[in-house]
There are 2 protein chains.
Amino acid sequence: MRLKPVARKSLSDAVFEQLSQEIVHGRMRPGTPLPSERALCDVLRVNRGAVREALKRLSQAGLISIQHGGGTRVLDFKQTASLDLLNRLLFHHDGTVDLRVARSVMEMRAAMAPDIARLAALRRSPGQVLQLDEVVAAMAAQEHDLLALQVLALQFWDLLTLCSDNIAYQLAFNGLRHTYEGMREALVEVMSEELRDLAAYRRIADAVRRKDGEGAGQSAQALMQHGSRGILQLLAALEHPDEDRAADGEEDDDDEQ
Amino acid sequence: MRLKPVARKSLSDAVFEQLSQEIVHGRMRPGTPLPSERALCDVLRVNRGAVREALKRLSQAGLISIQHGGGTRVLDFKQTASLDLLNRLLFHHDGTVDLRVARSVMEMRAAMAPDIARLAALRRSPGQVLQLDEVVAAMAAQEHDLLALQVLALQFWDLLTLCSDNIAYQLAFNGLRHTYEGMREALVEVMSEELRDLAAYRRIADAVRRKDGEGAGQSAQALMQHGSRGILQLLAALEHPDEDRAADGEEDDDDEQ
DNA sequence: ATGGTCAACTGGTCATACCAGTTTAAATGG
DNA sequence: CCATTTAAACTGGTATGACCAGTTGACCAT
């Protein structure tokens, strides 16, 4: 019997949640004016402070634009939002994972990881090498527990990103990690091959030890390919449920904008 | 006579600004408890609503942790914040650009751009190819106006990111663009070589047209190297103001944080 | 056509309650 | 004396009603 901490959300959180869902995969196109704060209070049955807190957060997230005296309008989040939004985009209304978003995350991860490893090798401190070794050793010890491996792998990359001494990577990694953790359990299967490739993690750690940027980058790239391949197969399976179809004609339904 | 829209910030914006600056490069270490909301009202001389709006935003940005009944404490933003924060990290108190942050942005850009170009080549629609051509043509027309080129280059990458059909890249690009625009004028010199390399932009566009992912990626990588080299030179120049010094020993003045 | 005025919006600020959790320390029982 | 219970005294969360401050558009005078 596993119990989880009960989710406790404030009113403004609920309002934020509702409005952001409505905007992100709702019928509110960019430019659409939101109801006035007082009207929202009326509809949502909450006080104006809660509405204002939520609106301020939506504004910060790049989902709406607020103008004193003017009004509040929906923005095109694909042009104004930032990585934080991935969490909300990852799931459909019904709770299923949006595999296009998942693929996006895996692709970005695959592009960043080699450079992170490369920089880490060039800039790591002696102490950080030891920490990396510890994580790799822990992974070797838990070789058969996939969920434990997942946590350790995240720790490994967290550490490596720290070594890279690149604040942009660190912040981007935080965002990706949040998203990844949202679909962690769902991806255990897809990632299993990557997680089990302990030798690859060790190769990266070794390359970092000898300050071999190129080697670290190449090892990281090779490691990433496992997960990427998994996601691609999963996508292909869902898009072409019938295995035999080999149609490769591209659709031209993309002149909508 | 060039006039800009007057900056108009609300109280909660001001509070958010002040607190985030204090946290990001202030003396508030992670774990430090913030004053209570009522105490903040007293110190900042504003009403509680404004304080709460600011605190909610800080919480969303990953800078603080709010607990009902408990208190509000400072988080380690390097582990919890996301790319949005780059804007605030980019400038020191005195308004000068933090070149370490700038270098981070350039590095991340250099890692992402080739993959964006590669994916764009694989997934672009016919219409998008034409749009890319238009931007390149516009760049050719404004060949000698660096600021115009900068705007067009951003447009080029915006378009390319759209072609890549990768929502994570799009969102990350939004964040990076905000940061980049913050230091755009300061970087005109550093980027001039890259901006003038019209042939490279054209190579990318051509590769995208013939769906040559590898070619697009390689061209993008080559293009990025201009800007990266510029930033590295600038960093080296600032760290070793005396040109003749060939000392390559690394300073250890970085344990300040 | 231009600029001014006014009324009816919009969001922004304020003060004052009170509700709801958490923490602290005093009161209580052993 | 110590462990437990209890009750303030915090903390953040919600509610209300008023008023300030910009924006818009209709109307009017010039």
Side-chain angles (χ1 to χ4, degrees), chain A residues 3-20 22-23 28-75 77 80, chain B residues 3-20 22-23 28-75 77 80:
Chain A
L3 298 179
K4 294 177 294 184
V6 332
R8 204 170 11 214
K9 58 182 172 187
S10 67
L11 286 188
S12 72
D13 286 348
V15 175
F16 175 80
E17 190 71 26
Q18 202 169 329
L19 288 177
S20 69
E22 196 69 20
I23 292 173
M28 308 204 77
R29 265 187 294 279
T32 307
L34 245 61
S36 75
E37 295 181 353
R38 291 165 176 94
L40 282 174
C41 299
D42 217 52
V43 175
L44 301 169
R45 316 278 264 176
V46 297
N47 66 81
R48 198 162 155 220
V51 169
R52 281 185 56 81
E53 285 173 15
L55 290 180
K56 270 285 182 186
R57 287 174 59 193
L58 286 170
S59 168
Q60 172 169 330
L63 297 185
I64 65 173
S65 157
I66 304 177
Q67 221 180 11
H68 184 180
T72 302
R73 292 188 304 173
V74 176
L75 292 177
F77 67 89
T80 54
Chain B
L3 297 179
K4 294 176 295 186
V6 324
R8 207 167 13 209
K9 60 181 171 186
S10 69
L11 285 188
S12 72
D13 287 347
V15 174
F16 176 79
E17 190 71 25
Q18 202 169 329
L19 287 178
S20 69
E22 196 69 19
I23 292 173
M28 309 203 76
R29 263 188 294 279
T32 307
L34 245 60
S36 74
E37 295 182 353
R38 291 165 175 92
L40 282 174
C41 299
D42 216 54
V43 175
L44 301 169
R45 317 279 263 175
V46 297
N47 68 80
R48 199 163 154 219
V51 168
R52 281 185 55 82
E53 284 174 17
L55 290 180
K56 270 284 182 187
R57 288 174 58 193
L58 287 170
S59 168
Q60 172 169 331
L63 297 184
I64 65 174
S65 157
I66 304 177
Q67 224 178 14
H68 185 180
T72 302
R73 290 190 304 175
V74 176
L75 292 178
F77 67 88
T80 54

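Order of the sequence lines fixes the chain letters, A, B, ..., with proteins taken first and strands second; residue numbering starts at 1 for each chain.
- Identified under the salt bridge (Lys or Arg N to Asp or Glu O under 4.0 Å) test for residues 54-71 of chain B, with sequence neighbours left out: D13(A)-K56(B), D13(B)-R57(B).
- Direction of the helix axis in the helix from dA1(C)-dT30(D) to dG30(C)-dC1(D) shifts by 10° between the two five-pair termini, rounded to 10°.
- When heavy atoms are screened at a 4.0 angstrom cut-off, R48(A) is found touching base atoms of the nucleic acid.
- DNA chain D is contacted by H68(A), G69(A) of residues 54-69 of chain A, taking any non-hydrogen atom closer than 4.0 Å.
- In terms of phosphate contacts, T72(A) brings a side-chain nitrogen or oxygen within less than 4.0 Å of OP1 or OP2 of dG11(C).
- Side-chain contact between E53(B) and L11(B) is absent, with no heavy-atom pair separated by less than 4.5 Å.
- The stretch residues 39-50 of chain A participates, sequence neighbours left out, in these side-chain hydrogen bond (donor to acceptor under 3.5 Å, both in side chains) pairs: E37(A)-R48(A).
- In this structure, L11(A) places its CG atom 14 Å from C1' of dG21(C), rounding to the nearest Å.
- Residue contacts for G49(A): at a heavy-atom cut-off of 4.0 Å it reaches no nucleic acid atom on any strand shown.
- Within residues 34-42 of chain B, the residues that place at least one heavy atom under 4.0 Å from DNA chain C are, in residue-number order, R38(B).
- Here the CG atom belonging to L55(B) is positioned 6.5 Å from the CG atom belonging to L19(B), to the nearest 0.5 angstrom.
- The nearest heavy atom of DNA chain C to R8(A) and to R45(B) marks one nucleotide each, and the one closer to the 5' end goes with R45(B).
- Here chain B contacts DNA chain D (any atom closer than 4.0 Å to a heavy atom, that is under 4.0 Å), and the contacts span dT11(D) to dT23(D) from 5' to 3'.
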